[in-house]
Structures are given as structure tokens and as C-alpha cells.
Amino acid sequence: MRIATWNVNSVRSRIDRVEAFLERNDIDVLALQETKAVPDQIPTMNLEIAGYEVAAVGYDQWNGVALVSRVGIEDIKVGFPGMPEFNGKAEARALGAVCGGVGIWSLYVPNGRKPDDPHYAYKLEWLAALKAASSEWHGTPTALVGDWNVCPFDEDCFDPSQFKNSTHLTQPERDAFFAIEADYRDVVRPHVPGPEKYTYFDYYRQRFERNRGLRIDFVLGSPTFAERVTGAFVDLEERDPAKFAGAPSDHAPVVVDLAD
DNA sequence: ATGGTTGTAGCACAA
């Protein structure tokens, strides 16, 4: 089984590329983040023709996550137990389901904006709640996949000195990520040590062309998931502005292969 | 520090 995660930065503006990506890489399950769509807005006709089912959640134009699967979508969960809201407003940042016998959570961790912004505290609170909830599932084959908006190590950032007053590299964010890694393993890092390790490139300043990116999209596997992983890669072709018509997402998909 | 580029319910704001 082949599983992928991709912050698509609007599924409506890139539905053709989603379909092409699924076909090009022979994907069984795709977790999407930043769909920027409510479920009714997600065009599924061609996906249905190709045999994929879609589960999605979205309340407004900013967030939204989805799962696309051709190996079934069962036991769908919108949000995880204890998932915090921001200012009392529910946000579409987590969707779980069982696909092909494996629990997959599509996660869009809050960005945090700036260290002194309320969204930063919300991000830490959100990750702590995910730690608590996910520890309940780690005995089953489960993957926590998505855009984590955290660089766990300096080597995951093209230039840490540029992030002194920014989010993503702060110790509290890293500690929150590492707490979850106590139960789950990064199953991609061993297969993608570098230099093709970055999953996000800012649209500005030709960051992709200069390979100046961040590794912030992760597949964390429970022990019984991780032991089945046979390979992984970052699909940098999908992020390459020169490869396809139209603007790419600012994130590249991450692909993981699982033994049966 | 600033700027640069995408996306959306856009002519402001989030990333």
C-alpha cells in the first residue's frame, strides 16, 4: 500500500494536479491539508471515475483537510478527542479514518504565525492535545500525517538564522513534536536523509530552485505501522514550477510505501 | 528589517 500526504494549498485550484499526482505515483491513500474548501466544493467526479473515495472537512476558506482513498474509508472521525478550538471557533485541522486496515490521520497543525501571537499558544495547546489523544491509538497500526509546521532539527531548515524571531524552530514547538515522537516514529527521515529532504519551499525568491526549504511535513507511524514501511520519498517534481502548467503548491507531497 | 508569491468568500489577510 502506498500512502501520501500533501499540503495542496487549495484543492479546487489544483484538482487536476491531485488526479495527476495520484496516477503518476500509483497512490492508494492521499491525505490533503489546506484544502481551502468546504466538502461540497471539492470536485470528485474524476476521482470517483478512478475509483477513489473522498472524506473531507472544512468550515471556511483557510484550512480544511481531506482523505482520498481507493482502499476504503471507514470509521471517519472529524477532529480528535480534546482538539482545541481557537477563540471558540472550530477549525478543520484533523480528519481520521481507517483505510486498508490502517488508521490514517490527516493533520494540519496550526501555523502559529509569530511567537507572541495567540495562535502560537494555540499551536502548542493543539500539539499537546494531539499527544494525549494519539497515545490512545499507538497500539494499532496508525499514521499521523500532514503539515506539522515544525522543524524538529536545525538541519530541517535551509538557514536557521533567518528564523530567530519566527515560529517553526522554537524549542517549545520542537518539544511538543518530540513528545509525540515518544509514541510514533518519523518513518520518512531514514529513507530521505538529504539533500532532497525539504517538503516546503516559500513561493518567494526562487527558494525551490535553490533548494532552500523546510522539512515540516511528516509521516509519524505507530510501532506496528512503522515496522511495515519499506520506503519513502518527497515528490519534488510536484513542487517544481517548471514541470507542470500553473503554480504548484508551496509544499511537496511525501510518499510512504507499506508492506502488506 | 524588508520583500517577494500564492490562495481565498480577495481589493485584506493568511500562509
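In what follows, every chain begins at residue 1, and chains take the letters A, B, ... in the order their sequences are listed.
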Write down the distance separating the P atoms in B:dA1 and B:dT5, rounded off to the nearest Å.
23 Å

Only pairs under 3.5 Å count here: list side-chain donor-acceptor contacts from residues 124-133 of chain A, not counting sequence neighbours, and write none if there are none.
{"residue": "A:Lys131", "atom": "NZ", "partner": "A:Ala179", "partner atom": "O", "Å": "3.1"}
{"residue": "A:Lys131", "atom": "NZ", "partner": "A:Asp183", "partner atom": "OD2", "Å": "3.2"}

List the residues meeting salt bridge (Lys or Arg N to Asp or Glu O under 4.0 Å) with A:Glu136, not counting sequence neighbours, and say none if there are none.
none

Looking at residues at least two apart in the chain, or sitting in another chain, which of them share a ring pair (Phe, Tyr, Trp, His ring centres under 6.0 Å) with A:Phe178?
A:Phe153

In chain order, what residues pass the ring pair (Phe, Tyr, Trp, His ring centres under 6.0 Å) check against A:Phe158, with sequence neighbours excluded?
none

Taking ring pair (Phe, Tyr, Trp, His ring centres under 6.0 Å) as the test, write out the residues that go with A:Tyr52, two or more places apart.
none

Inter-nucleotide P distance (B:dT6, B:dT2), Å rounded
23 Å

Once salt bridge (Lys or Arg N to Asp or Glu O under 4.0 Å) is applied, do any residues pair with A:Asp240, and if so which ones, sequence neighbours excluded?
none

Are A:Asp28 and A:Arg70 ion-paired here, with the side-chain N under 4.0 Å from a carboxylate O?
yes

Does anything in residues 201-219 of chain A come within less than 4.0 Å of DNA chain B? Heavy atoms only, and list the residues if so.
A:Tyr203, A:Tyr204, A:Arg205

Neighbours of DNA chain B within residues 8-21 of chain A, by heavy-atom distance under 4.0 Å:
A:Asn9, A:Ser10, A:Arg12, A:Ser13, A:Arg14

Show me the donor-acceptor pairs, under 3.5 Å and distance only, between side chains in residues 41-49 of chain A and residues at least two apart or in other chains.
{"residue": "A:Gln41", "atom": "OE1", "partner": "A:Val38", "partner atom": "N", "Å": "2.9"}
{"residue": "A:Thr44", "atom": "OG1", "partner": "A:Glu48", "partner atom": "OE2", "Å": "3.1"}

NA contact type, A:Asn7, heavy-atom cut-off 4.0 Å: base, sugar-phosphate, or nothing?
nothing

Write out a two-atom table: protein N or O, nucleotide N or O from nucleotides 10-12 of chain B, distance below 3.5 Å.
none

Under-4.0 Å side-chain N/O to phosphate OP1/OP2 contact, A:Asn165 with B:dA1:
yes

At 4.0 Å (heavy atoms only), tell me whether A:Asp250 reaches a base, stays on the sugar-phosphate, or touches nothing.
nothing

Under the rule for side-chain hydrogen bond (donor to acceptor under 3.5 Å, both in side chains), what residues qualify as partners of A:Asp156, not counting sequence neighbours?
A:Arg189, A:Arg215

My understanding is that only residues two or more places apart in sequence, or in another chain, count here; which of them pass ring pair (Phe, Tyr, Trp, His ring centres under 6.0 Å) with A:Tyr198?
none

